[in-house]
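The structure appears below as structure tokens.
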Amino acid sequence: MEDAGQSSTLQVSISDHGYYTTVSARGALDRVSAPVFTAHVDAAWEWSEGPRLVLDLSGVTFCDFDGVAALASIARRLRDHDRGRVILTGVDGQLQRMLRRTGLITRFERRDSVEQAGEDLLDRSRSRGQMAMPGRSGTPPPSGLDRS
């Protein structure tokens, strides 16, 4: 039974910053919403060069094991592709405890804010001689997904 204080509603948006892409989640990351979150991350993964993704989880109010499983699949994908970077921001409270308990906390880079993650990604791409491009080539995320 769902707790009256928890909502299975999750709002997810994708933002293109030129040299990285942010996927922001607000609400409960649970059995019902985890596939929606995963679909957005998959779209951003295909769209982002590298990929270079920042997952802004500062608005996540609740996370169950299905939400953790969604994050675990992202960590596996990153490891299996052996390329790109995924940085988590806004990980605290109940979500942080879940990620610590499962050991996933060590599988991701973490920063305090999206801005800090973006600066780190830009600094690293500059130090490697990669220029940040203001636009993307290829197909943007599906129109059925929110994109700001």
Side-chain angles (χ1 to χ4, degrees), residues 1-122 124-125 132-133 135-148:
M1 182 169 176
E2 186 173 307
D3 180 60
Q6 302 298 333
S7 169
S8 61
T9 302
L10 185 74
Q11 297 174 336
V12 184
S13 62
I14 299 173
S15 301
D16 177 17
H17 300 278
Y19 55 95
Y20 71 96
T21 303
T22 300
V23 179
S24 299
R26 304 226 175 283
L29 184 54
D30 59 14
R31 178 182 54 82
V32 174
S33 64
V36 172
F37 177 73
T38 300
H40 280 78
V41 172
D42 288 348
W45 187 286
E46 296 305 321
W47 175 249
S48 179
E49 304 234 358
R52 289 183 294 268
L53 300 178
V54 176
L55 304 183
D56 177 16
L57 304 176
S58 61
V60 173
T61 57
F62 173 78
C63 183
D64 69 7
F65 285 106
D66 292 292
V68 170
L71 292 169
S73 73
I74 295 165
R76 274 192 306 278
R77 185 176 187 182
L78 187 60
R79 182 198 66 213
D80 292 348
H81 283 81
D82 195 32
R83 65 178 176 85
R85 291 177 69 191
V86 176
I87 300 175
L88 303 182
T89 64
V91 176
D92 58 11
Q94 188 259 346
L95 177 59
Q96 184 176 32
R97 287 188 298 278
M98 292 285 284
L99 295 179
R100 282 189 196 282
R101 191 176 315 147
T102 60
L104 274 176
I105 199 92
T106 63
R107 309 256 317 265
F108 290 101
E109 295 180 65
R110 294 179 316 278
R111 300 294 181 275
D112 292 333
S113 68
V114 171
E115 294 77 17
Q116 185 183 45
E119 288 172 15
D120 183 46
L121 288 167
L122 180 58
R124 182 137 340 149
S125 64
M133 301 305 292
R136 302 265 188 253
S137 61
T139 306
S143 60
L145 302 178
D146 293 338
R147 187 165 179 265
S148 51

So, E46 and R77, do they make that salt bridge, N to O below 4.0 Å? yes
Minimum heavy-atom separation for [X] to [Y], with atom names?
{"X": "V23", "Y": "A44", "value": "CG2-CB, 3.5 Å"}
{"X": "W47", "Y": "T21", "value": "CD1-OG1, 4.0 Å"}
{"X": "Q116", "Y": "D112", "value": "OE1-N, 2.7 Å"}
{"X": "A25", "Y": "L10", "value": "CB-CD1, 4.1 Å"}
{"X": "S58", "Y": "R26", "value": "OG-NH1, 3.5 Å"}
{"X": "P35", "Y": "V32", "value": "CD-O, 3.5 Å"}

Say you draw a straight line from [atom1] of [X] to [atom2] of [Y]; how long is it, rounded to the nearest 0.5 Å?
{"X": "D56", "Y": "E115", "atom1": "CG", "atom2": "CD", "result": "8.5 Å"}
{"X": "R97", "Y": "R101", "atom1": "CZ", "atom2": "CZ", "result": "7.5 Å"}
{"X": "L104", "Y": "R76", "atom1": "CG", "atom2": "CZ", "result": "8.5 Å"}

With distance as the sole test, does [X] use its side chain to make a donor-acceptor pair with the main-chain N or O of [Y] at under 3.5 Å?
{"X": "S48", "Y": "W45", "value": "no"}
{"X": "S33", "Y": "V36", "value": "no"}
{"X": "Q11", "Y": "G27", "value": "no"}
{"X": "D64", "Y": "R31", "value": "yes"}
{"X": "R111", "Y": "I87", "value": "no"}

Side chains of [X] and [Y], heavy atoms from C-beta outward: is any pair under 4.5 Å?
{"X": "R85", "Y": "P51", "result": "no"}
{"X": "I105", "Y": "V91", "result": "yes"}
{"X": "L53", "Y": "I74", "result": "no"}
{"X": "L71", "Y": "F37", "result": "yes"}

side-chain contact (heavy atoms from CB on, under 4.5 Å) between D66 and D30, worked out: CA-CA 5 Å; D66 292 292; D30 59 14; 5.8 Å; no
Set out, in order, the CA-CA distance, both residues' side-chain angles and the distance that settles side-chain contact (heavy atoms from CB on, under 4.5 Å) for T22 and T89, then state yes or no. CA-CA 10 Å; T22 300; T89 64; over 6 Å; no
Going through the distances and angles, do Y20 and V114 end up as a side-chain contact (heavy atoms from CB on, under 4.5 Å)? CA-CA 10 Å; Y20 71 96; V114 171; 3.8 Å; yes
